[in-house]
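Taking it in order: structure first as structure tokens, then the write-up.
Not measured: the values here are computed from a predicted model.
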Amino acid sequence: MHIPPHDNQNKAIVDVDHPLVPLNYFNIVKLQRGESFDSQVAGYETCIVPATGTVDVDVDGARYPALGNRGVDVWDGEPEGVYVPVGAKVRLTCVSDSAEVFIAGAKYDKVLEPFEVRGDGIDLVQYGSDDTKTHRKIKHILGAEHHDKVGRLLVSELFTVGQGGWSGFPSHKHDTDRLPEETRHDETYNFRFRPNYGSGMQMLQREDNKPGDAYHVMDGSTMLIDKGYHPCAVLPGYEMYYFTILGGESQRSLKQYFQPTHEEQLHTIPGIMDMVAKFK
């Protein structure tokens, strides 16, 4: 499902128990200097990630000052985040001229401890190649390094390297719990492009070798991936980013099932198995 760019007025874009991706939660909060926003999501652990700007974060009295160091867009600096336990009360206060903040969540039934992720806590993976049109960089905010501190939530930022190319290829899915071959993880994306008038395409093929759907994604588009194989591409001449939320049904570690028709392409893309290993 494609949700076109719009002003969500700080209301959840993907609310709790969404009919397509019930394991996910997603909100975008926009603030001006001195403004605050309160968040409390029952039944979901969440992660606060400023897309741009800087906010002070209070999680049930635990304070994390000056979160976020990016300026004009998501390419302007490195990500930072704060993990928020299930049902915790959060207050965001903007301390820059303005801020745009992602709130990512996954359904979970236990209350853990809050913590911040900055600097060396970001897990970087780069793989693919220019020749195969698959060169990309992944910045895991809640990735393998925090596996023992998080319940079901994985949060990452994905960047195409260079202009044009494919991401999420070879095509894979993760819509069914059938270990050890595959796990069910609902997934939500929010896209950005540089320049911001760029755009791309999200494919969603429900069954191998049967026609699927294609969606025109623009700067600010949100995609809900509930079922099927889902590669995406950016137009030549533009760079693409997407904020990624994964929520597992039975475990946190993601087990992708690669589309049989294209599985042989795993051997053509440098470093792809290192990428797979980081979604834990």
Would you say [Y] and [X] are linked by a side-chain donor-acceptor pair, where the criterion is simply a distance under 3.5 Å?
| X | Y | value |
| --- | --- | --- |
| Thr176 | Tyr257 | no |
| His174 | Thr183 | no |
| Glu187 | Tyr189 | yes |

Hey, is [X] close enough to [Y] for a salt bridge, meaning N to O under 4.0 Å?
| X | Y | answer |
| --- | --- | --- |
| Arg206 | Asp226 | yes |
| Arg70 | Asp76 | no |
| Glu100 | Arg192 | yes |

Using modelled atom types only, decide if a donor and an acceptor are shared between the side chain of [X] and the backbone of [Y] within a distance under 3.5 Å.
| X | Y | value |
| --- | --- | --- |
| Gln251 | Ser253 | yes |
| Arg33 | Ser98 | no |
| Asp56 | Ala66 | yes |
| Thr160 | Glu239 | no |
| Gln259 | Pro170 | no |
| Asp73 | Thr52 | no |
| Gln205 | Lys210 | yes |
| Arg252 | Leu153 | yes |
| Glu45 | Val86 | no |
| Asn24 | Asp186 | yes |

How close do [X] and [Y] get, heavy atom to heavy atom, and via which atoms?
| X | Y | value |
| --- | --- | --- |
| Tyr242 | Ser167 | OH-OG, 2.6 Å |
| Pro195 | Gly237 | CD-O, 4.4 Å |
| Ser199 | Val217 | CB-O, 3.2 Å |
| Cys94 | Leu31 | CB-CB, 3.7 Å |
| Ser171 | Pro231 | OG-CG, 3.4 Å |
| Ile245 | Tyr25 | CD1-O, 3.7 Å |

Taking [atom1] in [X] as the centre, count heavy atoms belonging to other residues, nucleotides or ligands within less than 6.0 Å. Is the count above 12?
| X | atom1 | answer |
| --- | --- | --- |
| Arg178 | CZ | yes |
| Asp120 | CG | no |
| Glu181 | CD | yes |

From [X] atom [atom1] to [Y] atom [atom2], the distance as rounded to the nearest 0.5 Å:
| X | Y | atom1 | atom2 | value |
| --- | --- | --- | --- | --- |
| Asn27 | Thr46 | CG | OG1 | 10.5 Å |
| Leu246 | Ile225 | CG | CD1 | 10.0 Å |
| Tyr229 | His172 | OH | NE2 | 11.0 Å |
| Asn8 | Ile28 | CG | CD1 | 5.5 Å |
| Asp219 | Met240 | CG | CE | 12.0 Å |
| Glu157 | Trp75 | CD | CH2 | 10.0 Å |

Go through Gln202 and His230 one step at a time and tell me if the side-chain contact (heavy atoms from CB on, under 4.5 Å) criterion holds. CA-CA 7 Å; Gln202 174 71 62; His230 47 277; 3.5 Å; yes
Measuring centre to centre across the rings, with the benzene-like ring taken for any Trp, is Phe102 within less than 6.0 Å of Phe243?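 Judged by ring-centre distance (under 6.0 Å), Phe102 and Phe243 do meet the cut-off.
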Tell me whether the guanidinium CZ or amine NZ of Arg118 lies under 6.0 angstrom from the six-membered ring centre of Tyr64 and within 45° of its axis. no
Assess Lys149 against Phe115: is NZ or CZ under 6.0 Å from the centre of the six-membered ring, and within 45 degrees of the ring's axis?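 Ring-cation test returns yes.
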What about [X] and [Y], same hydrophobic cluster or not, with Ile/Leu/Val/Met/Phe/Trp/Tyr joined at side-chain heavy-atom distances under 4.5 Å?
| X | Y | value |
| --- | --- | --- |
| Val41 | Leu23 | no |
| Val57 | Phe37 | yes |
| Val117 | Val84 | no |
| Val29 | Tyr44 | yes |
| Ile141 | Ile103 | no |

With side-chain contact (heavy atoms from CB on, under 4.5 Å) as the test, would you mind laying out the steps for Val101 and Val49 before giving the verdict? CA-CA 6 Å; Val101 183; Val49 180; 6.0 Å; no
Starting from the C-alpha separation in whole Å, work towards a yes-or-no answer on side-chain contact (heavy atoms from CB on, under 4.5 Å) for Met203 and Trp166. CA-CA 11 Å; Met203 292 176 59; Trp166 286 86; 3.8 Å; yes
What do the steps show when you test Glu80 against Glu78 for side-chain contact (heavy atoms from CB on, under 4.5 Å), and what is the final call? CA-CA 7 Å; Glu80 297 184 335; Glu78 298 300 319; over 6 Å; no
Using side-chain heavy atoms (C-beta onward) and a distance below 4.5 Å, is [X] in contact with [Y]?
| X | Y | value |
| --- | --- | --- |
| His185 | Leu154 | yes |
| Phe191 | Cys232 | yes |
| Gln163 | Tyr238 | no |
| Asp58 | Val90 | no |
| Tyr241 | Arg194 | no |

Quick check on side chain to side chain donor-acceptor pair (under 3.5 Å): which of Gln256, Lys173, Lys255 does Glu182 satisfy it with?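 Of the listed residues Gln256, Lys173, Lys255, the side chain to side chain donor-acceptor pair (under 3.5 Å) partner of Glu182 is Lys173.
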